[in-house]
Amino acid sequence: MPSTAIVGTGFYVPERVVTNDELTRYMDTSDEWIVERTGIRERRWVTDGMSGTEMARRASVMALEDARMAAADIDAIVLGTLSPDHFFPGNGVFLQRDLGLESVPALDIRAQCSGFVYGLSVADAWIRSGQFRTVLLVGVEIQSTGLDISTRGRDLAVLFGDGAGAVVLTATEDDDRGVLSTHIHSDGRYAETLWTEAASSRKNPRISAEDIEAGRHFPTMTGKDVFKHAVTRMPEVVQEALAANDLEVADIDLLIPHQANLRISKMVQHRLGLPDHKVVNNIDRYGNTTAATIPIALAEAVRSDRLHAGDLLCLVAFGSGFTWGSALIRW
Ligand code: ACO
């Protein structure tokens, strides 16, 4: 059976930098509050006309160039996002079209911040089973157009940014590299702890003037509950992955946690007992780009020489749903 190797990485973030100081013009907040509670100093927000599909395309082209492959080499697309360009169809088919592909399947994954790890799990299964040889896996998010940037929405608005990350996955017969395992979970009891209520197909019309007045089209979160579950589930699912592979925390060379909030990542790091140099954090520059945080951080880690052949890479995510998951990869 082949295993799944990551042979190319890429990312794209919008040019517009939104600093914490800029946010103080729209809401009652401060750079000090945001840095202390979240570790975020700035994020990127799209300007008019930029779509999730286009950001995904740019990240994908970079990943394909890195892999020295052409779009025609892709056998399937898996794309994670909670902020598709349209209610339907998903961004995957728009990306397929914009890459000039004609009939390869495109699957959108709705697992929010865990979308990339969920997508890796699916793509890895496809590749190991022999169904597809090369899969393009993308995480992309436009959060900025869906945030309440008034004081009412400040708890969430300061957290999120826009961006895209992509990897090219391909079958390898090399036993010394590739995805060792993925573990994914969810717990729907907490579906409304971090969610966006409207628009909703449960209602006709799906969104009303009253919904908009009440701000139901904006995300809401019980932050303390998200924090508590994130710092429990992420170390737990890393330990689950290590145990499944007969490995220990000390074997991890690099951990890329979903960039939810620096305090969450620091707590996860602390609970696992990992030193700073083994953990990637870039939330200070991009904020929380949801499904895109892990592939963006991975692309940056590769380019800053933080990963070497043979290294044990661990990815871990937690997000709305709740959903969570981990992946262990021999680089
Ligand atoms: N600026 C200034 N004050 C704010 C802001 C803001 N942006 N947001 C909230 N506050 C205020 C609140 O209104 C509250 O005021 P009050 O005491 O007068 O009522 C005060 O700050 C404290 O609010 P808390 O919610 O108690 O703040 P807390 O210390 O819990 O921090 C935070 C909030 C950062 C959201 C925290 O709950 C947290 O880290 N949660 C984790 C959730 C998270 O990071 N999610 C990321 C997205 S989900 C994911 O990716 C998994």
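When reading the values below, keep in mind they use all heavy atoms of this one structure, side chains included, and skip hydrogens, waters and symmetry mates.
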Report task. Could you check if a side-chain atom of I329 sits within less than 4.5 angstrom of a side-chain atom of R177, using non-hydrogen atoms only? Result ->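 Answer no - side chains too far apart.
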
With hydrophobic residues grouped by side-chain heavy-atom distances under 4.5 Å, do [X] and [Y] end up in a single group?
{"X": "V302", "Y": "V117", "value": "yes"}
{"X": "V135", "Y": "V7", "value": "no"}
{"X": "V104", "Y": "V140", "value": "yes"}
{"X": "V122", "Y": "F132", "value": "yes"}
{"X": "L101", "Y": "V93", "value": "no"}

Please determine if [X] and [Y] form a salt bridge, counting it only when a charged side-chain N lies under 4.0 Å from a carboxylate O.
{"X": "R303", "Y": "E300", "answer": "no"}
{"X": "R216", "Y": "E192", "answer": "no"}
{"X": "D276", "Y": "K266", "answer": "yes"}

What pair of heavy atoms forms the shortest contact from [X] to [Y], and how long is it?
{"X": "I127", "Y": "P2", "value": "O-CG, 3.5 Å"}
{"X": "A292", "Y": "G163", "value": "CB-O, 3.4 Å"}
{"X": "V268", "Y": "A230", "value": "CG2-O, 4.3 Å"}
{"X": "G92", "Y": "D108", "value": "N-OD1, 2.8 Å"}
{"X": "M27", "Y": "V158", "value": "SD-CG1, 3.8 Å"}
{"X": "W45", "Y": "P14", "value": "O-CB, 3.6 Å"}

Please round to the nearest 0.5 Å and tell me the distance separating atom [atom1] of [X] and atom [atom2] of [Y].
{"X": "Y12", "Y": "M50", "atom1": "OH", "atom2": "CE", "result": "3.5 Å"}
{"X": "L315", "Y": "H258", "atom1": "CG", "atom2": "NE2", "result": "13.0 Å"}
{"X": "L328", "Y": "L242", "atom1": "CG", "atom2": "CG", "result": "5.5 Å"}
{"X": "I294", "Y": "L120", "atom1": "CD1", "atom2": "CG", "result": "9.5 Å"}
{"X": "I142", "Y": "S83", "atom1": "CD1", "atom2": "OG", "result": "6.5 Å"}
{"X": "I34", "Y": "R154", "atom1": "CD1", "atom2": "CZ", "result": "10.0 Å"}

Please evaluate residues R44 and E22 with respect to the criterion salt bridge (charged side-chain N to carboxylate O under 4.0 Å, His left out), reporting the C-alpha separation (whole Å), side-chain torsions for both, the decisive distance (0.1 Å), and the verdict.
CA-CA 12 Å; R44 304 297 181 98; E22 180 178 336; over 6 Å; no

If you count the non-hydrogen atoms of other residues, nucleotides and ligands that lie under 6.0 Å from [atom1] in [X], is the total more than 12?
{"X": "R41", "atom1": "CZ", "value": "no"}
{"X": "D246", "atom1": "CG", "value": "no"}
{"X": "F87", "atom1": "CZ", "value": "yes"}
{"X": "E102", "atom1": "CD", "value": "no"}

Check: [X] side chain, [Y] main-chain N or O, donor-acceptor pair, under 3.5 Å:
{"X": "D66", "Y": "A63", "value": "no"}
{"X": "T182", "Y": "S121", "value": "no"}
{"X": "R306", "Y": "V279", "value": "yes"}
{"X": "T323", "Y": "A111", "value": "yes"}
{"X": "S320", "Y": "L194", "value": "yes"}
{"X": "S60", "Y": "A166", "value": "no"}

Side-chain donor-acceptor pair under 3.5 Å between [X] and [Y], yes or no?
{"X": "S208", "Y": "D211", "result": "yes"}
{"X": "T53", "Y": "D85", "result": "yes"}
{"X": "T193", "Y": "D225", "result": "no"}
{"X": "T4", "Y": "D124", "result": "yes"}
{"X": "T81", "Y": "E141", "result": "yes"}

Discussion item. Parallel, tilted or perpendicular, judged at 30° and 60°: which one describes the rings of Y190 and H229?
Written reply: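 Y190 and H229: tilted rings.
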
So W324 and H185, would you call those rings parallel, tilted or perpendicular, with 30° and 60° as cut-offs?
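Rings of W324 and H185: parallel, under 30°.
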
*Stepwise side chain to side chain contact (heavy atoms under 4.5 Å, CB included) check, T170 with D73*: CA-CA 10 Å; T170 200; D73 295 318; over 6 Å; no

